[in-house]
Amino acid sequence: MRKYLKLSLFVLMAAALVSTCAIGCGGGTQEEKEAYKIGALFSTTGAQSNLGVPEENTVEMLVEKINDAGGINGHDLEVIIYNDETDSTKCATLASKLIEQDEVLAIIGPTGTGNSMAIIDTVTTAEIPLVSCAAGATIVTPVADRYWVFKTPQTDKQVVTEIYVHLQSIDISKVAIITSTSGFGQGGKTYLESEASKYGITIVDNQTFGSDDTSMVSQLTHIKGTDAQTVICWDTDKASAVVAKDMQTLQFTIPLFCSHGIANQAFIDAAGDAANGVIFPAGKLLVVDEVPATDPQKVVLTDYKDDYLAAYPNTSIDTFGGHAYDALYMVVDALEDMDEDLSLADARAAVRDNLEGITGFVGISGIFTMSAEDHLGMQPGSLALIEIVNGTWTVAQ
Amino acid sequence: MSADQFVQYLMSGLTQGSIYALIGLGFTIIYSVTQIINFAQGEFVMLGGMLSYVLAAEAGLSMPLALLIAILVAAAVGAAMYLLAIRTARRASVISLIIITIGAAIFIRGIAGNRFGVDTVSPPAFTGGGSIKFLGAYIEPQALWIIGTTFVVTILLHLFLSHTMVGKALRACAVNPKAASLVGINTKSMALIAFIIAGVIGGIGGVVVAPLAMASYGMGVMLGLKGFVAASIGGFMSPVTTVIGGVVLGIVENLAVGLNWGPFTSAYKDVIALVVLLLILMIRSGKLAAAERAG
């Protein structure tokens, strides 16, 4: 009797497994089309929570909007969001969970470059497309090793180029750079050094600091002793704010340029009065009101800003949520063009192929045309040079 | 390096050094009474800094009241930490107690991150106005507040330890806990008092440093480490040696950037400071050992 029970239990379980597979793998055979599942990994706590929270907010808002409008070809969109706590080990575990357990079709995120690098092997082995929301150029290069990986934010190199082109246009040739020892800061430093000569720029002083340092006065004193015509600082909001404040203390008269890492309200809040006059390149979102109506991104930017502020009152928009917007809509576009009734592996491959085929996608960070050679695909002209005036962003003159 | 630059390095070194010294004082007072290195000292500083901002900017209290409450809370946390975590484990070895302080630090930091959020905040300076020019160097008014506070706290602590009964009892515990308890000093109360003083000093450090260096829930890690180095250079001996240790550390750090000698750019700032620490420890441990044998 006991044996019989055991056997029947086994049969039941096997049946359950088969039926799950019929729903999970076959897809689309029922009357009501089943939801498309995609995964998202964001750092909503920990060091990068300033970036991860707007990303999560954006995705939650957009999923509701997409489903209210009838979903994707009649399929509801379901996004499973996990918080990686800005921890690359957690991020890798959660990526495997999304792939194996949740059986998602694609993953968007992670928030940071380090976490993105940590799961590239995982997604490549599992053959699932990833659209990263992090800046580092290495996430999508060399493209031969990044068959399954795409990203949406502009790279350090593009931002450096934007600054140098501007400096060249206003006849500034001597710069002092001050960069943090973090991964982000060193990425910027690499390109600041390698690109300078192309724009007739000499680096007359090259200082570094730790992201947690409380004073950059000594480095800046050294810079003050040189004939630098401008200072370029490379780090995220907090340490950049210290640099801005210390430059004010030392009564610098030359301007401060920063990276896109300060494209949030947190920088202005932290630096206070010293933020005024700081110039940095970033996506046009921050200055959407000043973007001309003829700009192809104008409508997308305005809608996103209005929707976001309506959904999350008492917050402010920033470009990081925009990276998630671009990543999510690219995947949605890829799903729209996908055939029905594919197996999970085929569906993932189809999403990847469609992502690579994206042409003229108008997003928040820019206009994207992907190709087999370029898994970022951001077209020139996507960055604006922004100056902080009276504590708000405005297009630099 | 021009003369103006040299003065600037000294001034910013003095400012940074005063910050390190103020934090180092907390390490010294607890160590000398209990032999525990309290790695939560940086968190007392963080509590002072974050609370002074939260109470003034968000709860709308007047600045002096906000500063006072922030300092008192840091002191209360110091007391609670001793009573709940250290005293209950008093039979454990010193090394276990030190590990407990690391746990307490992570706990306090976690609560602060949840309660205050993870943003960096910038409380207003005590006195407004731009930077002041002094002997060719620029200095923020808040930096003068920091240097002055460190000076006053050090003097008060010194007077307290050498001229009051409680202070003398604390020093007795530091010299010989067993003998101190034999003559009727309650060593447990003394340890509690040491933690409260460390909390007060940490809180004071937090409220004066935050307007200059900004505050965030994670600020205690770095500041705690620097304060620990300052106290080590000073040998965990007295308030005065700790302040000397802090100022030496601050000036060495800043001059290291200024020298910019060959490959030793600002990237090596912390390396140079730590090498100086090692050298001082090596020289002093020789001398100290000799003095202890003699004494």
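Throughout, a chain's letter reflects where its sequence line sits, starting with A, and its residues are numbered from 1.
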- Item | Max heavy-atom pair count under 4.5 Å with chain B, selected residue of A/D269, A/V217, A/L250 |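 The candidate making the most pairs under 4.5 Å is A/L250.
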
- Message: Can you tell me which of A/D213, A/D273, A/T179 forms the most heavy-atom pairs within a distance under 4.5 Å of chain B?
- Response: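 Option with the greatest count: A/D213.
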
- Item | Distance-only polar pair, side chains of B/K226 and A/T214, donor-acceptor under 3.5 Å |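 No, because no side-chain N or O of B/K226 sits under 3.5 Å from a partner of the opposite role on A/T214.
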
- Item | Donor-acceptor side-chain pairing of B/E253 and A/S218 below 3.5 angstrom |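 No, no side-chain donor-acceptor contact under 3.5 Å.
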
- Message: Applying side-chain hydrogen bond (donor to acceptor under 3.5 Å, both in side chains) to A/Q251 and B/S131, what does each step give before you reach the verdict?
- Response: CA-CA 8 Å; A/Q251 303 191 358; B/S131 54; 3.1 Å; yes

- Under the side-chain hydrogen bond (donor to acceptor under 3.5 Å, both in side chains) rule, collect the residues that match up with A/N50, sequence neighbours excluded.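 Counting only residues at least two positions away or on another chain, A/N50 forms a side-chain hydrogen bond (donor to acceptor under 3.5 Å, both in side chains) with B/D119.
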
- Query: Would the number of heavy atoms belonging to other residues, nucleotides or ligands and lying under 6.0 Å from CH2 of B/W145 be above 12?
  - Reply: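 Open: at most 12 neighbouring heavy atoms sit under 6.0 Å from CH2 of B/W145.
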
- Query: When rounded to the nearest 0.5 angstrom, what distance separates CG in B/L212 from NZ in A/K245?
  - Reply: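 If we round to the nearest 0.5 Å, B/L212:CG and A/K245:NZ are 7.0 Å apart.
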
- Task: Search all heavy atoms of A/T221 against all heavy atoms of B/Q5 and return the closest pair with its distance.
- Result: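 So the two residues come closest at O-NE2, 2.9 Å.
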
- Message: Looking at chain A, which one of B/Q8, B/M11, B/M219 has the largest number of heavy-atom pairs inside 4.5 Å, strictly under?
- Response: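 That would be B/Q8.
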
Taking only distance into account, with no hydrogens and no angle test, what donor-acceptor pairs under 3.5 Å do side-chain atoms of residues 132-143 of chain B form with protein atoms, sequence neighbours excluded?
from	atom 1	to	atom 2	distance (Å)
B/E140	OE2	A/T249	OG1	2.7
B/Q142	OE1	B/F126	N	2.9
B/Q142	NE2	B/V208	O	2.9

